[in-house]
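Just so it is clear, the model here is predicted, and its values are computed rather than measured.
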Amino acid sequence: MRNQYDLIIVGGGIMSASLAYNLRKDGYTGDICIFEKDPTYEYASTPRSEGGIRQTFSTEINIKMSQYSYQVYKNFEKEMAIDGEPCHIDFHQHGYLYLLNNTTLPIFKEIMKIQESLGVKAELMNQAETKYFFPELNVEDLAGSVLDPDAGNADPYSVLQGYIKQIKRMGISFIYEEIDTILTEQQKVTGIKTINGELYHAPIVVNAAGAWSGELSQKIGIDIPVKPLRRQLFSIDTTEKFQNTIPFTFDPTGLHFRGEGSKIVVGWAKDVPFGYDFKLEKSFFEEEIWPVLAQRCPNFEQLKVERGWAGLYDYNPVDHNAIIGGHPLLKGYYVISGFSGHGFQHAPAAGKGLSELIRLGKFETIDMSPLSVERFTTNKLVLETAVY
């Protein structure tokens, strides 16, 4: 049958690509087909993400996934090379800097104990040391900071294309059509139906549809806690330049900024209604972000907004962490979603883990069972206190 596969992945972003790559690399020989509704990836979340890569989480599962993914990204250009041509992803390790006040400093001191036990390098600095490290900052209201020196960011679109080029060479099919629904029969999946009405059959269907994954699952009567949540980023240029490359800096207010070449990228995860909204609000920058930036650093007093963009988190409103695994109510139905803003940095590990679960029926490299669908009914939630 022409429309018959062994495994179908819904969504063509970085989770899908990482999963497909790991399945093939780990020895899965079945026919795999990836369905992506937009071949240009114009509104896909991966190219619109910031590409941050850090290890400074507070839970063991997130730290281990970060450590694994960090090593993958360090070696990505070589591993994904084609015919000797490296896959350039612009991975720059300028560090993550968490600015702390009297409330957050004790929290981070406790988090650092967990990190240290798992081999994460993080440096605690007092107010004076923070000022020395980042001279332009106003540190009067700060109690100190924590530096993750190995952290940085890469270009998400380049990473995605690196994966896609490899998996196409591995014989994985792509069909650029939008999915209407997942097909089921007697508590098991049987395939998918496109919005054009065409049926494709497979005994395994993976929901890797990102911000759209919750809605897709609801169509078959299975709730997974994933909502689309808009996040906005602004690229700015300042009149007064900085002495050094700006690390990925997190203000106690929740505002964050980082250097990108000669520009600076700024964002703030403010609450907005759930929805598929890509509107950019320049007034949000002018009225809310800019005053906080200028207060934190006088270099931000004179600036120009060069451009901006909005993208969607696959947001898990229950515990803000990934959902990885098979669904207990539907045989053959797997989910890899709900990353709530740290999907890009966890994608290599997530793809590896789900590949193992599908092929072997268990996790081997990292035990990702804490991120299972079942945790929402057993109330064994993953509570991450270092969420940014």
Side-chain angles (χ1 to χ4, degrees), residues 50-60 62-67 70 74 91-153 236 238-260 263-270 288-303 320 341-342 345 383-388:
E50 253 187 301
I53 300 167
R54 63 181 170 113
Q55 300 176 62
T56 40
F57 285 85
S58 69
T59 58
E60 181 175 341
N62 281 335
I63 291 172
K64 286 185 174 180
M65 289 178 69
S66 293
Q67 290 173 319
Y70 168 72
K74 276 185 66 177
F91 183 22
H92 300 291
Q93 295 176 259
H94 299 310
Y96 266 45
L97 182 67
Y98 305 93
L99 305 180
L100 308 175
N101 55 30
N102 288 324
T103 301
T104 54
L105 180 61
I107 297 172
F108 266 76
K109 284 183 175 179
E110 290 302 310
I111 292 173
M112 289 180 72
K113 293 177 183 177
I114 301 169
Q115 294 167 353
E116 185 177 0
S117 70
L118 295 171
V120 176
K121 291 189 296 182
E123 302 170 14
L124 180 65
M125 297 187 287
N126 61 29
Q127 186 189 69
E129 290 167 332
T130 302
K131 180 69 173 179
Y132 181 81
F133 177 78
F134 198 153
E136 295 90 350
L137 287 183
N138 172 14
V139 300
E140 291 181 3
D141 62 323
L142 301 179
S145 64
V146 168
L147 175 67
D148 178 351
D150 290 333
N153 64 285
I236 65 173
T238 59
T239 302
E240 187 71 24
K241 303 303 179 183
F242 291 82
Q243 292 184 29
N244 304 306
T245 301
I246 297 176
F248 212 135
T249 303
F250 293 86
D251 192 76
T253 59
L255 180 77
H256 63 267
F257 54 91
R258 64 173 175 83
E260 187 172 88
K263 313 300 180 184
I264 299 161
V265 176
V266 184
W268 197 348
K270 299 286 277 187
E288 299 192 49
I289 292 179
W290 196 356
V292 178
L293 277 176
Q295 186 175 16
R296 179 56 61 202
C297 175
N299 293 50
F300 290 123
E301 291 176 359
Q302 297 184 39
L303 57 81
H320 322 299
H342 36 94
Q345 60 193 307
L383 302 177
E384 175 64 58
T385 57
V387 173
Y388 289 94

When rounded to the nearest 0.5 angstrom, what is the spacing between [atom1] in [X] and [atom2] in [Y]?
X	Y	atom1	atom2	answer
Thr253	Trp268	OG1	CH2	4.5 Å
Ile236	Trp290	CD1	CH2	9.0 Å
Ser58	Gln115	OG	CD	8.0 Å
Asn299	Glu240	CG	CD	5.0 Å
Leu255	Glu288	CG	CD	10.5 Å
Leu147	Lys121	CG	NZ	10.0 Å

Side-chain donor/acceptor of [X] to backbone N/O of [Y], under 3.5 Å:
X	Y	answer
Asp148	Arg54	no
Thr104	Leu100	no
Gln67	Leu118	yes
Asn62	Lys64	no

Assign the ring pair [X] / [Y] to parallel, tilted or perpendicular, where the plane angle (0 to 90°) is split at 30° and 60°.
X	Y	value
Phe91	Tyr70	perpendicular
Phe134	Phe257	perpendicular
Tyr98	Phe108	tilted

query = For the residue pair Phe248 and Gly52, what are the closest heavy atoms and their distance?
reply =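 Phe248 and Gly52 have their closest heavy atoms at CE1-CA, 4.1 Å.
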inquiry  = Test side-chain contact (heavy atoms from CB on, under 4.5 Å) on Val120 and Thr56; report intermediate values, then the result.
reply    = CA-CA 7 Å; Val120 176; Thr56 40; 4.3 Å; yes
Side chain to side chain contact (heavy atoms under 4.5 Å, CB included) partners for [X], two or more places apart:
X	answer
Lys241	Asp237, Thr238
Asn153	Arg258
Thr245	His94
Ala143	Asn102, Leu105

With side chains defined as the heavy atoms from C-beta onward, is the minimum distance between [X] and [Y] less than 4.5 Å?
X	Y	answer
Pro247	Tyr96	no
Gln55	Asp150	yes
Met125	Leu97	yes

query = Is the NZ or CZ atom of Arg296 both under 6.0 Å from the centre of the six-membered ring of Phe300 and within 45° of that ring's axis?
reply =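 Ring-cation test returns no.
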Contacts of Glu301 that satisfy salt bridge (charged side-chain N to carboxylate O under 4.0 Å, His left out) - sequence neighbours left out =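 Per chain and number, Glu301 pairs via salt bridge (charged side-chain N to carboxylate O under 4.0 Å, His left out) with no residue.
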message = Working note: Leu99 + Leu137, criterion side-chain contact (heavy atoms from CB on, under 4.5 Å); need CA distance, chi angles, decisive distance, verdict.
response = CA-CA 10 Å; Leu99 305 180; Leu137 287 183; 3.8 Å; yes
ask   = When you look at NZ of Lys263, are more than 12 heavy atoms from neighbouring residues, nucleotides or ligands closer to it than 6.0 Å?
value =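 Buried by this count: over 12 neighbours within 6.0 Å.
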ask   = Which residue pairs pass the side chain to side chain donor-acceptor pair (under 3.5 Å) test with at least one member in residues 126-137, sequence neighbours excluded?
value =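 For residues 126-137: Thr130-Ser145.
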ask   = Quick one: do the Glu50 and His256 side chains pair a donor with an acceptor below 3.5 Å?
value =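 A donor-acceptor contact under 3.5 Å links the two side chains.
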key: Intermediate values then yes/no, side-chain contact (heavy atoms from CB on, under 4.5 Å), Glu123 and Val146   = CA-CA 5 Å; Glu123 302 170 14; Val146 168; over 6 Å; no
